[in-house]
Amino acid sequence: MHNNFDSEGDNLKIFDNYEFTRDSLKSDFIDCSDFLMREVIIAGRRALLCAMDGLVDSVALSNMVTEPLLSCKKTFDTAKEQFEYLKTSVIAAAEMNEAETFEDAEFFMMSGFIVVYLEGYAKALALGVQGWNRRSTDEPTNEAMVKGAKECFVEVLNDNKALLRKRLKTHKLKLRQLKLGSAAQVPVVIAYVEGRAEADDVAEIERRLTSAPLETVTDFGQLIAFSEQGNRSFFTTVGNTERPDVFASKLMEGRVGVMIEGTPFAIYTPYLFSDNFSSLDDYNNPPFYSSFIRILKYFAFGISTFLPALYVAVGSFHQEMIPTTLLYLVASSEETTPFPLLLEAIIIHLLYEIMREAGLRQPSTIGHAVSIIGAIVIGEAMVTAGLIGEPMLVVVALTAIASYVVYPLYESVAVLRLVFIVIAGLTGIYGLTVSAAALFVNICSLSSLGVVYTAPITPLTPSSVGDTLVRRGWRYLARRRVRIKNLEGTVDE
């Protein structure tokens with residue numbers, strides 16, 4: 001029956017024959033209990049009303065679509081004239097689209113639209129009457145701010161667009177919508193501020209996303225790999241956030257963002273290394289305190305990445321670097337343990353990651369029990385049994401706390417920490433120094449859309465320090481015109 005293909009031969013056009021259209025829809029949605037179809041007569045001409053149960057608002061459907069259509073008595077000679085009249089003078093729905101293919105019509109239905117097929121016309125009318133349950137825009141769970149806004153993105157794309165539009169009340173905010181996925185299409189929005197973001201960058205991101213060989217898009221992580229340039233590193237040049245205020249500030253800097261239906265996280269690029277160490281709270285606190293916290297975050301990153309490896313290297317190969325009093329304490333503690341420092345460090349860090357993952361994945365009702373058991377097992381029990389030394393436990397605890405200070409880098413640091421521990425345990429502080437240098441070279445080699453990942457720290461200029469390593473006051477920041485493509489050229493105006 002499906003013989004009405006378009007010019008590309010892969011998308012079935014809507015029939016102007018009523019029976020063919022009805023039978024095709026019934027065939028497509030066989031065994032779909034949520035598919036709703038109603039046959040009606042509008043001013044003497046048959047029509048089909050189709051929607052998906054649970055995705056439409058029944059009250060809005062009745063008041064804005066069904067009742068006006070069935071009350072219309074004006075007749076027309078052709079279906080096209082009647083179609084145009086219904087669209088312009090009868091239906092009260094504000095969101096209205098035309099569909100020429102079954103694929104487009106079904107996409108609208110699964111997005112909360114009701115689709116109207118009119119006998120004798122080879123197009124359908126898609127009317128927005130969305131009404132599914134949605135989560136409220138409560139306080140973000142992963143990016144909590146002490147003095148920031150208390151709202152976050154949700155899983156509904158239209159709600160997220162509204163949250164962003166509320167933040168940036170300008171027509172220069174562009175929200176270009178695409179459909180990604182070869183098997184099940186998902187709406188995706190490319191967000192940017194015209195005049196801030198480079199047009200070539202927007203086009204490049206669109207090209208990368210549309211060329212991605214994805215059957216469907218279930219979460220934002222799938223698009224991160226295709227938004228990057230294929231960088232081989234533990235670090236990413238694509239950031240993510242669940243906060244509309246953070247997303248809006250990044251777009252104002254000239255970055256390109258992407259929002260996906262079904263996920264409360266938006267992604268943006270270019271993402272810089274320095275972005276991991278700043279937050280909106282920095283701009284609500286006094287400059288001297290924000291600068292102190294920002295420097296503290298850089299210090300915490302160094303501790304969480306290198307401290308366990310440094311302890312293993314010094315304790316295994318360079319004991320002369322440890323003060324005598326402390327060396328005695330370390331030696332007496334490690335003398336009773338059956339494992340060398342390298343194996344001891346690996347075991348305790350793996351156990352810590354296991355307990356952390358268990359705490360994250362367990363139901364909230366038993367999450368506290370997991371934390372208590374983990375503290376007992378890793379803490380008192382293992383030290384008392386002589387499986388690990390007390391200094392190692394202190395190092396691990398300090399490392400774990402420091403790793404949460406720079407939470408966006410946690411995944412990268414967790415793996416790098418173990419890599420450096422192995423290198424330090426086998427080659428000592430010399431191998432650790434070489435591997436750390438290799439890491440910094442790798443970080444400096446990354447770029448996205450022509451922007452170096454370490455900008456504006458490298459090359460370091462006096463103006464770049466003003467809002468990177470420290471936080472300057474608003475009297476200075478208000479005069480800066482930050483553009484992500486010209487960080488070194490940021491000037492006072």
Side-chain angles (χ1 to χ4, degrees), residues 34 51-61 93-95 97 107-114 126 128-170 173-181 184-193 205 209 214 216-224 227 238-252 255-269 271 279-281 360-361 363-364 407-408:
D34 58 338
M52 305 305 294
D53 190 20
L55 298 183
V56 296
D57 185 338
S58 57
V59 176
L61 175 61
E95 193 172 2
N97 296 275
F107 177 83
F108 281 121
M109 276 192 282
M110 296 173 193
S111 300
F113 286 66
I114 181 172
V129 286
Q130 299 91 334
W132 56 76
N133 293 328
R134 58 191 64 184
R135 183 168 60 93
S136 62
T137 58
D138 294 329
E139 183 175 358
T141 56
N142 295 296
E143 296 178 74
M145 299 288 177
V146 177
K147 300 179 181 180
K150 308 301 180 183
E151 63 181 6
C152 67
F153 287 133
V154 293
E155 289 74 12
V156 182
L157 184 58
N158 285 341
D159 290 355
N160 293 342
K161 290 192 290 185
L163 288 171
L164 184 60
R165 182 68 68 179
K166 185 176 68 172
R167 288 279 175 179
L168 297 178
K169 298 179 174 65
T170 170
L173 171 62
K174 306 301 180 181
L175 302 173
R176 184 182 301 177
Q177 188 153 325
L178 313 172
K179 291 186 292 185
L180 301 183
Q185 293 185 321
V186 174
V188 172
V189 165
I190 298 179
Y192 65 97
V193 176
I205 293 298
L209 295 182
L214 295 171
T216 189
V217 180
T218 57
D219 218 327
F220 71 96
Q222 294 174 266
L223 299 185
I224 288 181
S227 300
V238 179
N240 67 83
T241 181
E242 59 179 339
R243 298 186 62 93
D245 45 4
V246 171
F247 195 59
S249 66
K250 301 304 181 184
L251 296 184
M252 289 297 292
R255 312 193 200 207
V256 182
V258 179
M259 298 187 292
I260 306 101
E261 175 74 34
T263 175
F265 286 86
I267 62 176
Y268 58 91
T269 189
Y271 182 70
S279 67
L280 284 183
D281 270 341
L360 287 176
R361 308 305 170 193
S364 57
Y407 187 75

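When reading the values below, keep in mind they use all heavy atoms of this one structure, side chains included, and skip hydrogens, waters and symmetry mates.
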> Closest approach of E143 and E242, non-hydrogen atoms and distance?
Replying inline: OE2-N, 2.7 Å

>> Can you confirm whether K250 sits close enough to Y271 that some side-chain heavy atom of one is under 4.5 Å from a side-chain heavy atom of the other?
In response: no

> Taking all atoms of both residues into account, what is the closest heavy-atom pair of P140 and C152, and its distance?
Replying inline: CG-CB, 3.5 Å

> Is there a side-chain contact between F247 and R167 (heavy atoms, below 4.5 Å)?
Replying inline: no

> Shortest non-hydrogen contact from V256 to L251?
Replying inline: C-CD2, 4.3 Å

>> Between V238 and V258, is there a side-chain heavy-atom distance shorter than 4.5 Å?
In response: no

>> Could you check whether any side-chain heavy atom of L180 comes within less than 4.5 Å of a side-chain heavy atom of V186, counting everything from C-beta outward?
In response: no

>> Quick one, Q130 and F113 - any side-chain contact, counting heavy atoms below 4.5 Å?
In response: yes

> With side chains defined as the heavy atoms from C-beta onward, is the minimum distance between N160 and V189 less than 4.5 Å?
Replying inline: no

> Is the shortest heavy-atom distance from the side chain of Q222 to the side chain of I260 under 4.5 Å?
Replying inline: no

>> So which atom in T216 and which in A184 form the shortest heavy-atom distance, rounded to 0.1 Å?
In response: OG1-O, 2.9 Å

> Where do M145 and L280 come nearest, in terms of heavy atoms and distance?
Replying inline: CE-N, 3.8 Å

> Does any non-hydrogen side-chain atom of L157 lie less than 4.5 Å from one of Q177?
Replying inline: yes

>> Please give me the minimum heavy-atom distance between A51 and M109, naming the atom from each residue.
In response: N-SD, 4.0 Å

